[in-house]
Engineer: 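Before I ask anything, let me first share the structure, which is written out below as structure tokens.
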Amino acid sequence: WRSGKRTGMPRLTKGYIIALTGITFWSTTGVLMGFLITNYGMPALLLAFWRDLLVCVVLVPALFLIRRALLRFNPALMGFYLFYGLILACFNSIWVISVKANGAAVATVLGYSSAGFTAILARWIFKEKLGYYKIAAILMSLGGCTMVSNAYSLEMWGLNPLGVTTGLLSGILFAGYNLMGKEAAKRKINPWTSMLYSFAFGSVFILTFNLFPVLPGAAGTFKGLMPDLPMNGWLILIALSFVPTVLGFGLYITSMNFLPVSIVSLLATLEPAMTAMEAYVFLDERMTIVQIAGSIIILSAVIIVQLDKP
């Protein structure tokens, strides 16, 4: 003790607490989706639509009260936001279908296979250097993705073709979404603004997807766009939009004020492990030894990509 003197929480400690809290919230996304699909029979594409829509419903009044300037829409960026929204709509749609077909834990891990795909696309689009670390990450991501999705099994292609296909596509589409975020940062667009308008345009695209009954998990009609949920179901749907998406993202971004971005990115690799534990407890999901091994390979690839950053 030194009389009259109090010390606050160290910045690094505060950063770790904020980041880990945000990532914990984030990790509940697949579990909440799986719960709505399994227990309330909510169609996958309809769930994707309402999640995106409710994110906007939460963000607009929040930004209006906290920092109104972030709501300002630049008409010159209309084309960019449209494409951003389309990529997000495709990713969210495929990912929710993957949650239904593969389970929350497997779907979340497969999303992280985007590390290798992002390196490939960044080389093609942004002409980024493809060093040894990234080449290793690409090979590991592809191998791990094949193991987790069971794409190596001809039998699984026959038993669960939707699960295998959406599992492989989710990593590619998430890579595309990550690159759109990179482009938004290059254009000096605030992360909250880009999140709001990508989800807003994304919800319009997913609404359109829902009007095609041939698509898996689609509402099929305008009348079907209103989900038949009890009050508990609506509360979970609202929680899905607010807790992991808005609050989780907000804490994740805030933690970067206290920690290096590279550290925050590495901490994010805890998400699949958290989701797997939550899915084990709440959804009774189990991963096979091959899928667990593939998950470790994928997360190792994410870490290797971080090592390649200057």
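Remember, it's a predicted structure, so these values are computed and weren't measured experimentally. Along the sequence shown, residues are numbered consecutively beginning with 1.
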Engineer: Let me check something: do Met42 and Met231 share a hydrophobic cluster, defined by ILVMFWY side-chain heavy atoms less than 4.5 Å apart, either directly or through other members?
Structural biologist: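 No, separate clusters.
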Engineer: Taking atom CG of Leu247 and atom OH of Tyr252, what is their separation to the nearest 0.5 Å?
Structural biologist: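 So the CG of Leu247 and the OH of Tyr252 are separated by 15.0 Å.
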Engineer: First locate atom CG of Leu12, then atom CD1 of Ile17, and finally report the distance between them rounded to the nearest 0.5 Å.
Structural biologist: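 One finds 11.0 Å between CG of Leu12 and CD1 of Ile17.
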Engineer: How many angstroms lie between atom CE of Met140 and atom OG of Ser300, to the nearest 0.5 angstrom?
Structural biologist: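 Nearest 0.5 Å value for the CE-OG distance: 4.5 Å.
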Engineer: Hydrophobic cluster membership, with links at side-chain heavy-atom distances under 4.5 Å among I/L/V/M/F/W/Y: are Val243 and Ile66 in one?
Structural biologist: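 No: no chain of side-chain contacts under 4.5 Å links Val243 to Ile66.
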Engineer: Using modelled atom types and a 3.5 Å cut-off, is there a donor and acceptor pairing between side-chain atoms of Trp50 and backbone atoms of Leu225?
Structural biologist: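 Here the side-chain-to-backbone pair exists.
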Engineer: Please walk me through it: do Phe199 and Asn92 pass side-chain contact (heavy atoms from CB on, under 4.5 Å)?
Structural biologist: CA-CA 10 Å; Phe199 271 81; Asn92 278 348; 4.1 Å; yes
Engineer: Indicate, with yes or no, if the rings of Tyr84 and Phe80 have centres closer together than 6.0 Å.
Structural biologist: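 Yes, the ring of Tyr84 comes within the 6.0 Å limit of the ring of Phe80, centre to centre.
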Engineer: Roughly how far apart are Asn232 CG and Leu237 CG, rounded to 0.5 Å?
Structural biologist: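 Result: 12.5 Å between the selected atoms.
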Engineer: Side chains of Ile206 and Leu53, heavy atoms from C-beta outward: is any pair under 4.5 Å?
Structural biologist: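 A side-chain contact is absent here, since even the closest heavy-atom pair is not under 4.5 Å.
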Engineer: Only counting residues at least two apart or in another chain, list the ones meeting ring pair (Phe, Tyr, Trp, His ring centres under 6.0 Å) with Phe35.
Structural biologist: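 Listed in chain order: nothing, the list is empty.
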Engineer: Hey, is the main chain of Ala219 close enough, under 3.5 Å, to the side chain of Asn210 for a donor-acceptor pair?
Structural biologist: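 A pair under 3.5 Å: yes.
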Engineer: Using the side-chain contact (heavy atoms from CB on, under 4.5 Å) rule, take Cys145 and Leu168 through it: C-alpha gap first, then chi angles, then the decisive distance, then the call.
Structural biologist: CA-CA 7 Å; Cys145 185; Leu168 294 172; 3.5 Å; yes
Engineer: Return yes if some donor-acceptor pair links the side-chain N/O of Thr165 with the main-chain N/O of Leu162 below 3.5 Å, else return no.
Structural biologist: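 It does not hold such a pair.
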Engineer: Is the closest side-chain heavy-atom distance between Ser194 and Asn190 below 4.5 Å?
Structural biologist: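 With C-beta onward as the side chain, the pair stays apart.
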Engineer: State, yes or no, whether a side-chain contact exists between Arg51 and Thr29 at a heavy-atom distance under 4.5 Å.
Structural biologist: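 Result yes, sub-4.5 Å side-chain heavy-atom pair found.
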Engineer: Looking at every heavy atom in both Leu46 and Gly224, which two are closest together, and how far apart are they?
Structural biologist: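 Heavy atoms of Leu46 and Gly224 come nearest at CD2-O, 3.6 Å.
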Engineer: Has Asn257 got more than 12 heavy atoms of other residues, nucleotides or ligands less than 6.0 Å from its CG?
Structural biologist: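 Yes - once you tally the heavy atoms of other residues, nucleotides and ligands closer than 6.0 Å, there are more than 12.
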Engineer: Partners of Phe174 by ring pair (Phe, Tyr, Trp, His ring centres under 6.0 Å), sequence neighbours excluded?
Structural biologist: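 In terms of ring pair (Phe, Tyr, Trp, His ring centres under 6.0 Å), with neighbours along the sequence ignored, Phe174 is linked to Phe91.
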Engineer: Quick one: does any side-chain atom of Thr193 pair with a main-chain N or O of Leu70 as donor and acceptor, under 3.5 Å?
Structural biologist: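 Checked: pair present.
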Engineer: Does Thr275 form a side-chain contact (heavy atoms from CB on, under 4.5 Å) with Trp26? I'd like the steps, not just the answer.
Structural biologist: CA-CA 9 Å; Thr275 301; Trp26 216 340; over 6 Å; no
Engineer: Let me check something: do Phe64 and Trp192 share a hydrophobic cluster, defined by ILVMFWY side-chain heavy atoms less than 4.5 Å apart, either directly or through other members?
Structural biologist: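 Linked within one cluster.
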Engineer: Could you tell me which non-hydrogen atom of Gln291 sits nearest to which non-hydrogen atom of Asn150, and how far apart they are?
Structural biologist: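 Answer, listing the atom of Gln291 first, then Asn150: NE2-ND2, 3.4 Å.
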Engineer: Would Phe282 and Met277 show up in the same hydrophobic cluster when neighbours are defined by side-chain heavy atoms closer than 4.5 Å?
Structural biologist: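 The answer is no; the residues belong to distinct hydrophobic clusters.
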Engineer: Is there side-chain contact between Val106 and Val99, with at least one heavy-atom pair below 4.5 Å?
Structural biologist: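 When only atoms from C-beta onward are counted, Val99 and Val106 do not touch, as no gap falls below 4.5 Å.
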Engineer: Which heavy atom of Val31 sits nearest a heavy atom of Ser27, and at what distance?
Structural biologist: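 Looks like CG2-O, 4.3 Å.
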Engineer: Looking only at heavy atoms, what is the nearest atom pair of Gly111 and Ser170, with distance?
Structural biologist: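 What the structure gives for the nearest pair is N-OG, 4.2 Å.
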Engineer: Is there a side-chain contact between Leu211 and Thr221 (heavy atoms, below 4.5 Å)?
Structural biologist: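 No; the side chains remain at least 4.5 Å from each other.
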Engineer: Do other residues, nucleotides or ligands put more than 12 heavy atoms under 6.0 Å from Arg286 CZ?
Structural biologist: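 Counting other residues, nucleotides and ligands, CZ of Arg286 exceeds 12 neighbours.
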Engineer: Do the side chains of Trp234 and Pro227 get nearer than 4.5 Å, heavy atoms only?
Structural biologist: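 Yes; the side chains approach each other to less than 4.5 Å.
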Engineer: Looking at Ile289, I'd like to know if its CD1 atom is crowded, meaning that more than 12 non-hydrogen atoms belonging to other residues, nucleotides or ligands lie closer than 6.0 Å.
Structural biologist: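 Open: at most 12 neighbouring heavy atoms sit under 6.0 Å from CD1 of Ile289.
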Engineer: Could you pull out the closest heavy-atom pair between Ser141 and Ile298, with the gap in Å?
Structural biologist: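 Smallest heavy-atom distance, with atoms named: O-CG1, 4.3 Å.
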Engineer: Around atom OH of Tyr40, are there more than 12 heavy atoms of other residues, nucleotides or ligands at under 6.0 Å?
Structural biologist: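 It does: Tyr40 OH has more than 12 such atoms within range.
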Engineer: Does the side chain of Glu278 come under 3.5 Å of the side chain of Thr28 through a donor N or O and an acceptor N or O?
Structural biologist: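 On atom types as modelled, these side chains do not qualify, holding no pair under 3.5 Å.
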Engineer: Distance from Tyr177 atom OH to Cys90 atom SG, nearest 0.5 Å?
Structural biologist: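 Tyr177 OH to Cys90 SG: 13.0 Å, rounded to 0.5 Å.
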Engineer: Using a cut-off of 6.0 Å, state whether more than 12 heavy atoms not belonging to Phe73 lie near its atom CZ.
Structural biologist: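 For Phe73, atom CZ is crowded (more than 12 foreign heavy atoms under 6.0 Å).
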Engineer: Is it true that atom CZ of Phe249 has more than 12 heavy atoms of other residues, nucleotides or ligands lying nearer than 6.0 Å?
Structural biologist: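 More than 12 within 6.0 Å, yes.
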Engineer: Where do Arg68 and Leu63 land on the side-chain contact (heavy atoms from CB on, under 4.5 Å) test, with the steps shown first?
Structural biologist: CA-CA 6 Å; Arg68 203 170 302 180; Leu63 294 180; over 6 Å; no
Engineer: Atom CD of Glu271 and atom CZ of Phe25: how far apart are they, to the nearest 0.5 Å?
Structural biologist: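 With rounding to 0.5 Å, CD (Glu271) is 13.5 Å from CZ (Phe25).
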Engineer: Taking Asn102 for the side chain and Gly163 for the main chain, is one N or O donor matched with an acceptor at less than 3.5 Å?
Structural biologist: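 It does hold such a pair.
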Engineer: Is the shortest heavy-atom distance from the side chain of Leu270 to the side chain of Leu20 under 4.5 Å?
Structural biologist: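 Yes, their side chains come closer than 4.5 Å.
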Engineer: Report whether Val204 and Tyr197 are members of the same hydrophobic cluster (ILVMFWY, side-chain heavy atoms less than 4.5 Å apart, transitive linking).
Structural biologist: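 No; Tyr197 is not reachable from Val204 via cluster members.
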Engineer: Can you find a heavy atom in the side chain of Leu259 that is under 4.5 Å from one in the side chain of Arg11?
Structural biologist: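 Sidechains of Arg11 and Leu259: no contact.
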Engineer: Would you check if the side chain of Ser98 reaches a backbone N or O of Ile94 as a donor-acceptor pair within less than 3.5 Å?
Structural biologist: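 No.
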Engineer: Shortest non-hydrogen contact from Ser93 to Phe209?
Structural biologist: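 Nearest heavy atoms, Ser93 then Phe209: OG-CD1, 3.6 Å.
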